[in-house]
2 protein chains.
Amino acid sequence: MQSNLPHLQSIFTADCVIFGFNEGELKVLLIERNEYPFKDWWGLPGFFVEHNETIDDAVKRILLEHTGLKGIYMEQLYTFGDLKRHPQGRIITVAYYAMLRLEAVNANLKPSTNYVRNAQWHPLNNLPDLAFDHRNIIEKSIEKIRRKVSHSPIAFELLPEKFTLTQLQQLYEAIWDKKLDKRNFRKKMLKYNVLKELDEKQKGVSYRAAKLYKFDKRKYNKIFKNELNFS
Amino acid sequence: MQSNLPHLQSIFTADCVIFGFNEGELKVLLIERNEYPFKDWWGLPGFFVEHNETIDDAVKRILLEHTGLKGIYMEQLYTFGDLKRHPQGRIITVAYYAMLRLEAVNANLKPSTNYVRNAQWHPLNNLPDLAFDHRNIIEKSIEKIRRKVSHSPIAFELLPEKFTLTQLQQLYEAIWDKKLDKRNFRKKMLKYNVLKELDEKQKGVSYRAAKLYKFDKRKYNKIFKNELNFS
DNA sequence: ATATAAGGTGTATTTCTTACACTATTGCTA
DNA sequence: TAGCAATAGTGTAAGAAATACACCTTATAT
């Protein structure tokens with residue numbers, strides 16, 4: 001099958017776009033770079049992929065080293081390869097994204113590599129200047145989650161385990177950047193039959209406490225295997 | 001911004017998954033390889049990306065050199081990076097896909113590189129053994145076009161410029177691998193308002209000739225900019 | 001006790017989806 | 001040239017889903 005061909009290895013990076021939701025805002029996880037190029041700039045967690053690790057493994061390792069986050073399931077988004085995107089030469093990057101319950105991990109963001117000084121959530125609509133083409137990558141990610149969320153209720157991953165319907169609605173309003181009707185939203189959500197109503201209520205609010213709900217993953221998997229609705 | 005960092009270049013390949021539709025079947029364009037590795041095997045058009053070309057440009061060049069096809073708009077599908085996918089080492093590949101009017105290009109498939117001996121359409125449900133992980137790439141592509149076609153009527157690209165509603169229905173049936181109701185299908189399609197009815201009929205058939213339609217791209221762009229339908 | 005702030009609920013209208021079967025037209029051939 | 005073969009083309013009724021819309025309830029703070 002092969003003659004004496006040279007041995008080759010792909011050199012490339014992988015970047016992580018991690019979305020969280022808090023205080024009615026979508027946020028993205030950025031790191032402060034401690035190494036050239038773009039030393040002292042903010043950017044996405046991202047680094048070179050090793051020769052002996054899959055891309056899926058690499059993004060997990062990189063996210064852990066850069067932010068301390070572990071066990072996050074990321075999906076591949078797109079591969080960026082503009083000629084000028086990286087100052088060291090044409091280096092392509094494979095971007096992955098994930099959405100997660102922000103409040104669960106808010107406190108303990110701890111980089112474990114010298115390449116990174118600091119990891120922090122930033123509101124999506126108030127980002128600092130970013131290294132490389134990272135702003136572009138984030139913009140493509142937000143388009144992707146908009147499309148994704150419109151075909152399946154994956155948005156639950158951005159909420160705490162127990163949440164109120166109002167929180168859920170605010171999340172959709174943040175992703176869509178538009179207001180939704182409260183009654184219709186609730187009707188629709190409850191009809192999907194993937195919410196489990198709990199016997200608990202919100203605490204610590206100075207007004208009528210709302211019922212708490214959980215996302216029922218078993219039912220979700222049954223219903224949304226086929227997420228299709230055109231003809 | 002940078003100190004004295006080494007100059008680097010990504011080494012990687014790009015592959016093309018080109019779908020066509022003919023005689024009621026979905027087909028994919030394969031090439032017969034004339035070089036190691038996988039000499040004499042069938043595989044996707046694909047090759048190394050040059051250091052000074054974008055990935056988007058590279059797939060166009062590669063498709064042209066391998067098959068003679070020109071001016072095809074391809075979209076990025078996914079980047080494959082399994083450790084064992086390429087016998088020369090861990091070389092990742094960025095896969096692109098396109099759908100196109102098969103009958104317009106059927107005759108003149110002419111490779112212009114010695115790496116390729118031959119280019120040919122193969123029915124999707126009767127593929128030969130394929131080089132590398134190309135079967136896997138094709139499977140991921142077909143899932144993608146199923147999802148895509150269910151959110152926007154992009155399937156028109158697989159039909160000749162003028163087509164009958166029955167041809168359109170057969171195309172959807174091939175993509176979905178299931179039968180659809182004729183009356184409901186027509187009602188739905190016409191309601192989208194992206195078909196232009198022509199003053200022409202099918203020719204050369206030995207039964208009642210069907211009306212021909214065209215895809216109205218202007219209307220399409222207006223309607224499907226936001227292809228979203230959840231809340 | 002009252003104000004404040006959000007929680008929680010129903011109905012009528014319109015639109016979309018689905019299931020379902022017969023007549024019309026054309027070319028071919030006996 | 002009659003009739004057969006093959007596909008084109010059409011409508012309706014029932015159920016499901018989407019939308020628009022406003023008021024009372026409950027908990028807390030003062």
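Here is the naming used below: chain letters follow the sequence lines, and residue numbers restart at 1 for every chain. Because the structure is predicted, anything quoted here is derived from the model rather than measured.
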**Asked** For A:T164, which contact category applies under a 4.0 Å heavy-atom criterion: base, sugar-phosphate, or nothing?
**Response** nothing

**Message:** If you go through the side-chain atoms of B:K182, does one of them form a donor-acceptor pair with the base of D:dG9 closer than 3.5 Å?
**Reply:** yes

**Distance test, side-chain N/O of B:R186 to OP1/OP2 of D:dG9, below 4.0 Å** = yes

**Request:** Would you state whether a donor and an acceptor, one from the side chain of A:K187 and one from the base of C:dT11, lie under 3.5 Å apart?
**Result:** yes

**Prompt:** Below 6.0 angstrom between ring centroids: does that apply to A:Y78 and A:F80?
**Reply:** yes

**Request:** Anything under 30° is parallel, anything over 60° is perpendicular, the rest tilted; go ahead and classify A:W41 against A:F38.
**Result:** perpendicular

**Item:** N or O in side chain of B:T166 less than 4.0 angstrom from D:dT7 OP1/OP2
**Value:** no

**Message:** If you compare every side-chain N and O of B:K211 against the phosphate oxygens of D:dG9 (OP1, OP2), does one of them come in below 4.0 Å?
**Reply:** no

**Request:** For residues A:I138 and A:L124, determine if any side-chain heavy atom of one lies less than 4.5 Å from a side-chain heavy atom of the other.
**Result:** yes

**Nearest-nucleotide comparison on DNA chain D, the residue closer to the 5′ end among B:D181 and B:Q167** = B:Q167

**Message:** Using the ring pair (Phe, Tyr, Trp, His ring centres under 6.0 Å) definition, which of the options A:Y192, A:F156, A:F163 pairs with A:F215?
**Reply:** A:F156

Got a list of protein N/O to nucleotides 26-30 of chain D N/O distances below 3.5 Å?
unit_1, atom_1, unit_2, atom_2, d
D:dT26, O4', A:R208, NE, 3.4

**Asked** Counting side-chain heavy atoms from CB outward, which of C:dA19, D:dT10, C:dG8 is closest to A:A210?
**Response** C:dG8

**Message:** For the CG atom on B:N125, are there more than 12 heavy atoms of other groups (residues, nucleotides or ligands in this structure) within a distance under 6.0 Å?
**Reply:** yes

